Student: 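Sharing a structure here in structure tokens format.
Note that the numbering runs from 1 along the sequence shown for the chain. Treat the numbers as computed from the prediction; the structure is a model and nothing was measured.
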Amino acid sequence: MFYVGQKVVCVDASNRGEAFPWLGTPPVEGVVYTIAGFNGSDPYHGELILRLVEIQNPTRRAGRMLEGYLASRFRPVTETGQRRSARSS
């Protein structure tokens, strides 16, 4: 279960960036982020969408795409210093 303020690490940054430039800044695999909030669920997969403190993309909806990142692309950080932070990369 995810919660606002939780530290999470990106474990899957595939299919972002070059493939979908209109979605804004992609997360980086292995980097720790902080959950800023949630943006409902993905209409195609029914999966929770995370908004991240460290990535500030413009708010927009392209068709039915929602701002944020699929929760399955992240795991909770379990150890201090487990991965590099987005602010230090």
Student: Look up atom OH in Y33 and atom CZ in R73, then write down how far apart they are to the nearest 0.5 Å.
Tutor: 12.0 Å

Student: About how many Å separate OG1 of T25 and CD of E54, when rounded to the nearest 0.5 Å?
Tutor: 12.0 Å

Student: Apply the side chain to side chain contact (heavy atoms under 4.5 Å, CB included) test between Y69 and each candidate in V8, N39, I49, I55; give the one that qualifies.
Tutor: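 That would be I55; it is the only one of V8, N39, I49, I55 passing the side chain to side chain contact (heavy atoms under 4.5 Å, CB included) with Y69.
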
Student: Hey, what do you get for NZ (K7) to OG1 (T78), rounding to the nearest 0.5 Å?
Tutor: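 OG1 of T78 is found 14.5 Å from NZ of K7.
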
Student: Minimum heavy-atom separation for C10 and V28, please, with both atom names.
Tutor: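 Residues C10 and V28, closest heavy atoms: CB-O, 3.3 Å.
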
Student: Between F38 and L50, does the side-chain contact (heavy atoms from CB on, under 4.5 Å) criterion hold? Intermediate values first, please.
Tutor: CA-CA 5 Å; F38 306 98; L50 305 180; 3.5 Å; yes

Student: Taking the side chain as everything from C-beta on, heavy atoms only, tell me whether L48 gets closer than 4.5 Å to F2.
Tutor: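 Yes, side chains in contact.
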
Student: Apply side-chain contact (heavy atoms from CB on, under 4.5 Å) to residues F74 and V9 and explain how you reach the verdict.
Tutor: CA-CA 5 Å; F74 298 87; V9 63; over 6 Å; no

Student: Taking only residues two or more places apart in sequence or in another chain, which ones pass side-chain hydrogen bond (donor to acceptor under 3.5 Å, both in side chains) with Q6?
Tutor: none

Student: Nearest 0.5 angstrom please: D12 CG to E29 CD, how far?
Tutor: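 Answer rounded to 0.5 Å: 6.0 Å.
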
